[in-house]
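Presented below is the structure to which this report refers.
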Amino acid sequence: MPTLSMTEYSLITNVTSIAVAAMFAGALFFFFSRSQVAFRYRPALLITALVPAIACYHYYRIYDSFVAAYVLDGGQYVASGLAFNDAYRYADWILTVPLLIVELVAVLALEKKLANSLTSRLSIAALLMIALGYPGEIATDAAARWTWWTAAMIPFAYILYALYTEFSKAVSTQKESVQRLVGRARAIILLTWSFYPIAFLAPEFGLSGGQAEAFLQIGYTIADITAKVGMGLYIYFIALEKTEADSREQGNSTPAALAAA
Ligand SMILES: *C/C=C(C)/C=C/C=C(C)/C=C/C1=C(C)CCCC1(C)C
């Protein structure tokens, strides 16, 4: 573990601590908002709640593991000898990244065959992407890091490609307001998910020591909050919008009828 300045250490611990709170709040919010949407969209919101719930647990472990890995020594934070367990992050991603795909497909209530095919192909690609990234994350030599990075970029490119081609076709039959919201949810995926492979390469671009550590930990954490809670909000908006549209089609207008539709 690289030596950290007081500022680097407190930035990392504060941001990971905020992540515990944000993930907890997101999980509660999405869980209880299920009652506002029609039955067919509730499984999507349940998954949307599970993602930050899983991440809340892992951020609690990340925070603890990080604090234990350092001791204050002469105005600086130096390695305590206890290892910081980076695997919590990857354990979290391997569960939550496929679930993020599942929630996005589920909320669209697409035709079953298409939904199953999109979900299975994209979540397998997500699993592969994380599994191939991990050996690179823990490797110390540049050649190994670049090799695993390149391997993980293939399923990553496939996911983005499918989201911008097949997925567009799949949502083209939906209401315009829904298409717009789906477009924003997809933009969140493109922007936040692209941050990870870039941050991963920070050491290759000359960042080192405490600076690289702070950049990576803070960057991953902010991207995680946006990709899970920020994206979750769009899933919630899509579910609300579709509930309203479905119910208008059926001629209902009271809020109770909307939620029961
Ligand atoms: C909530 C957590 C999310 C959305 C995590 C997403 C992670 C990625 C998109 C990671 C991608 C990577 C590559 C494309 C190559 C290098 C290795 C990774 C795993 C950092």
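Computed from heavy atoms alone, side chains included, the values below leave out hydrogens, waters and symmetry copies. Indexing begins at 1, ligand by ligand and atom by atom, following the structure's order.
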- Message: Could you check whether Tyr234 and Phe237 have their ring centres less than 6.0 Å apart?
- Response: yes
- Task: Would you confirm whether the ring centroid of Tyr196 sits within less than 6.0 angstrom of the ring centroid of Phe200?
- Result: no
Which protein non-hydrogen atom lies closest to [atom], naming both residue and atom, and how far is it?
| atom | result |
| --- | --- |
| atom 9 (C) of ligand 1 | Met129 CE, 3.4 Å |
| atom 10 (C) of ligand 1 | Tyr196 CB, 3.5 Å |
| atom 2 (C) of ligand 1 | Lys228 NZ, 2.4 Å |
| atom 4 (C) of ligand 1 | Trp193 NE1, 3.4 Å |
| atom 16 (C) of ligand 1 | Trp149 CD1, 3.5 Å |
| atom 18 (C) of ligand 1 | Tyr90 OH, 4.3 Å |

- Message: So does Thr16 get a backbone contact from the side chain of Thr221, meaning a donor-acceptor N/O pair under 3.5 Å?
- Response: no
Any idea which atoms of ligand 1 are less than 4.0 Å away from a heavy-atom of [X]?
| X | value |
| --- | --- |
| Ala227 | 4 (C) |
| Ala152 | 15 (C) |
| Met153 | 14 (C) |

- Note on the structure: Sequence neighbours excluded, the answer for side-chain contact (heavy atoms from CB on, under 4.5 Å) partners of Ala131 is Ile94
Separation of [Y] [atom2] from [X] [atom1] (nearest 0.5 Å):
| X | Y | atom1 | atom2 | result |
| --- | --- | --- | --- | --- |
| Tyr77 | Ile12 | OH | CD1 | 11.5 Å |
| Phe167 | Leu104 | CZ | CG | 3.5 Å |
| Asp224 | Met23 | CG | CE | 5.0 Å |

- Begin with the C-alpha distance, continue with both residues' side-chain angles, and end with the deciding distance and a verdict on ring pair (Phe, Tyr, Trp, His ring centres under 6.0 Å) for Tyr70 and Phe66. CA-CA 7 Å; Tyr70 281 100; Phe66 191 83; 5.1 Å; yes
- Message: Out of Pro197, Gly133, Ala131, who is nearest to atom 12 (C) of ligand 1 when you count heavy atoms only?
- Response: Pro197
- Item | Leu100, portion touching ligand 1 at heavy-atom distance under 4.0 Å | side chain
